[in-house]
Structures are given as C-alpha cells and as structure tokens.
Amino acid sequence: VQTAEARIRPVLLTTITTMAGLTPMMFAISLDFSTGTISFGAPTALWWTQLATAVVWGLGIATLLTLLVTPAALAAREWVTRGAYGGVQLLAAVLIPGSAYWRDRRLRRDLRRAKPGELLIWEDPTPPSPTLLRAAE
C-alpha cells in the first residue's frame, strides 16, 4: 500500500501523458501544423501505427503491474513469511491431517455454524491457537 501510494502520482502522470501523446499515432492520424490539415491513414502515419499501439498497450499493462500486482505480491510474501502458521510451515500444516491448521479450520467451521448465544464445547484435547480464541470472543 505504501509503495503504490508513493508511486501512484508520478506513474499515472507519465503513463497518461505518454498514452495520450501516442493516441493520434496509434489511430493513424497525421496532424500537419504548418498547413493546418488533419489526414487519416497517411503513408507516414501507417508506418508508426504498430509501434505506437505496442507502446500504448505495453505501458498500460506495465502500469497495472506496477501499481497493483507488485504491491499485492509483496503483501502476499509478507503474509506467508509472517503468517499465522509460520511461512513454509503453512504448506506442511495443510498437508498433514490433524495439524493445528485443520483443528483451527474445524473450529472456524463450528463457530460459523453456532447460533448466537450457543455454548461451543471444543472436544479436541489440544487447545486451538490463541489467534482463533481471540477471534471467537
């Protein structure tokens, strides 16, 4: 979030101005300022249409990657390394039946199914994780 917040203004300004500047070239529009004419599909404009289209679309997708995907990937990495079950251990916890992950998952399911005011008796001999106890309270 902080990365996107710090970079959103310069990235958007650069992207929008470049895309807006290349739009006439992308649509094969030629502007002749000396004579004041506008021509569509001129031979010189057709030369640059494919390049301008590639730059506009590539820049748009790169902007989305910069502002959305990169911060999301960084947040996912933090979640995995500092997650509730401790990073790489999360994969092992999911694969091993009877692990704390599955006990907590059963507790979450039972909490969702419980009616308001109903007493939930946990019959598992090992207590659930403290984070789920706080969430249940």
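Because the structure is predicted, anything quoted here is derived from the model rather than measured. Residues take their numbers from the sequence shown, with the count starting at 1.
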Please list, one pair per line, the donor and acceptor atoms closer than 3.5 Å that link side chains of residues 46-55 to other protein atoms, with sequence neighbours excluded.
{"residue": "Thr49", "atom": "OG1", "partner": "Ala45", "partner atom": "O", "Å": "2.9"}
{"residue": "Thr53", "atom": "OG1", "partner": "Thr49", "partner atom": "O", "Å": "2.8"}

Apart from Leu13 itself, residues in the same hydrophobic cluster as defined by side-chain heavy atoms under 4.5 Å
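Leu13 shares its hydrophobic cluster with no other residue.
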
Would you give me the side-chain donor-acceptor pairs under 3.5 Å for residues 19-35, sequence neighbours excluded?
{"residue": "Thr23", "atom": "OG1", "partner": "Met19", "partner atom": "O", "Å": "2.6"}
{"residue": "Asp32", "atom": "OD1", "partner": "Ser34", "partner atom": "N", "Å": "3.3"}
{"residue": "Asp32", "atom": "OD1", "partner": "Ser34", "partner atom": "OG", "Å": "2.9"}
{"residue": "Asp32", "atom": "OD2", "partner": "Thr35", "partner atom": "OG1", "Å": "2.9"}
{"residue": "Thr35", "atom": "OG1", "partner": "Thr37", "partner atom": "OG1", "Å": "3.1"}

Please check if the side chain of Thr14 supplies one atom and the backbone of Val11 the other of a donor-acceptor pair under 3.5 Å.
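Here the side-chain-to-backbone pair does not exist.
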
Do Thr66 and Thr15 have side chains that approach each other closer than 4.5 Å (heavy atoms only, starting at C-beta)?
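Thr66 does not reach Thr15 side chain to side chain.
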
If you measure from OG1 on Thr63 to CZ on Arg7, what distance do you get to the nearest 0.5 Å?
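Nearest 0.5 Å value for the OG1-CZ distance: 11.5 Å.
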
Please list, chain by chain and in numerical order, all residues satisfying side-chain contact (heavy atoms from CB on, under 4.5 Å) with Arg109, sequence neighbours excluded.
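Arg109: side-chain contact (heavy atoms from CB on, under 4.5 Å) contacts with Arg106, Arg112, Arg113.
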
Considering residues at least two apart in sequence or located in another chain, which fulfil the side-chain contact (heavy atoms from CB on, under 4.5 Å) criterion with Leu65?
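Per chain and number, Leu65 pairs via side-chain contact (heavy atoms from CB on, under 4.5 Å) with Ile61, Val69.
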
